[in-house]
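Some notes on the structure that comes next.
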Amino acid sequence: DAKTTQPPSMDCAEGRAANLPCNHSTISGNEYVYWYRQIHSQGPQYIIHGLKNNETNEMASLIITEDRKSSTLILPHATLRDTAVYYCIVRLGPISWGKLQFGAGTQVVVTP
Amino acid sequence: SQTIHQWPATLVQPVGSPLSLECTVEGTSNPNLYWYRQAAGRGLQLLFYSVGIGQISSEVPQNLSASRPQDRQFILSSKKLLLSDSGFYLCAWAFTHGILSFGPGTRLTVT
């Protein structure tokens, strides 16, 4: 699976959009980008995933560059409850699905 | 809807004692099941995964073992705990397309 690079930490003001970058320059054509987050003392929670096209759901939007070497997770209106570690993971899709390798992630702190 | 249970929620065990953590999933059949561990201040480490009853794959060699005696039951065990086994143990199941649903976790402290 391709390696990902994320900033170790980010601050965001409550009510503003949070833009979380992720670099995955070695991604291959059949690898997906997944985002999870982990609120303190809880298990990780799935947010969103995509292959080529931008994706949006009730939690966030995922923007993948045309060359697929980087992506951005957007939390449109950050709340205090969005304070968490956010993980960007790149892996093969349906084949061997579920074997996710979590990196260090980005610690996002949303402040009032 | 699907639900994943883990118990106990917290556990304090002395070094050298045995361990048994249980995970069960409701509302689905033949799930892929996973055990992850998160040491204090560290990332999540995949320990074991299972694609069916009696089928266990180990990702990291250590003094832990896993078993899947029933379709929706996944057990993590150890015969003798080490201090380094302390951590937050998470069970998860994959329902589609690389999406994992995690349980509430067991926080293990080995003293």
Side-chain angles (χ1 to χ4, degrees), chain A residues 1-9 22 24 27-28 30-53 55 57-60 62 64 71 73 84-107, chain B residues 1-7 9-10 21 23 25 28 30-52 55-60 66 68 74 76 86-109:
Chain A
D1 295 336
K3 182 179 178 180
T4 62
T5 303
Q6 300 177 251
S9 63
C22 180
H24 31 80
I27 193 170
S28 63
N30 56 354
E31 287 183 311
Y32 289 69
V33 180
Y34 292 82
W35 283 85
Y36 283 75
R37 73 179 183 183
Q38 186 176 20
I39 296 171
H40 183 63
S41 295
Q42 297 182 21
Q45 175 190 24
Y46 165 79
I47 301 173
I48 199 167
H49 76 282
L51 180 62
K52 296 180 181 179
N53 300 322
E55 303 287 346
N57 62 21
E58 65 279 4
M59 291 183 67
L62 174 61
I64 302 174
S71 61
L73 178 74
V85 177
Y86 287 76
Y87 299 98
C88 170
I89 302 165
V90 173
R91 61 173 305 283
L92 293 173
I95 299 174
S96 69
W97 40 271
K99 288 177 62 178
L100 297 177
Q101 301 289 348
F102 289 80
T106 296
Q107 172 67 64
Chain B
S1 63
Q2 299 86 10
T3 308
I4 184 166
H5 301 280
Q6 284 187 249
W7 63 90
T10 60
L21 303 181
C23 168
V25 181
T28 186
N30 197 30
N32 279 15
L33 296 173
Y34 305 82
W35 278 112
Y36 282 83
R37 176 174 65 193
Q38 189 170 35
R42 306 286 295 275
L44 286 97
Q45 179 186 38
L46 178 61
L47 301 176
F48 302 94
Y49 70 96
S50 170
V51 299
Q55 300 179 62
I56 308 295
S57 295
S58 173
E59 291 290 305
V60 181
R68 186 167 175 177
F74 204 20
L76 183 70
S86 293
F88 191 36
Y89 287 82
L90 291 155
C91 180
W93 72 281
F95 53 92
T96 186
H97 222 260
I99 299 173
L100 290 183
S101 178
F102 285 82
T106 295
R107 194 161 300 280
L108 171 67
T109 302

Value rounded to 0.5 Å, distance of CD1 in B:I99 from CD1 in A:I47: 12.0 Å

Interatomic spacing from CD in A:Q42 to CZ in B:F88 - rounded to 0.5 Å: 8.0 Å

Distance-minimising heavy-atom pair for B:L90 and A:G43: CD2-CA, 3.6 Å

Segment of B:Q38 engaging chain A (4.5 angstrom heavy-atom cut-off): side chain

Chi angles and distances behind the side-chain contact (heavy atoms from CB on, under 4.5 Å) call for A:Y36, B:L100: CA-CA 9 Å; A:Y36 283 75; B:L100 290 183; 3.6 Å; yes

Portion of B:R107 that has a non-hydrogen atom of chain A nearer than 4.5 angstrom: side chain

Counterpart residues, side-chain contact (heavy atoms from CB on, under 4.5 Å), relative to A:Q45 (two or more places apart): A:R37, A:M59

Counterpart residues, ring pair (Phe, Tyr, Trp, His ring centres under 6.0 Å), relative to A:Y87 (two or more places apart): A:F102

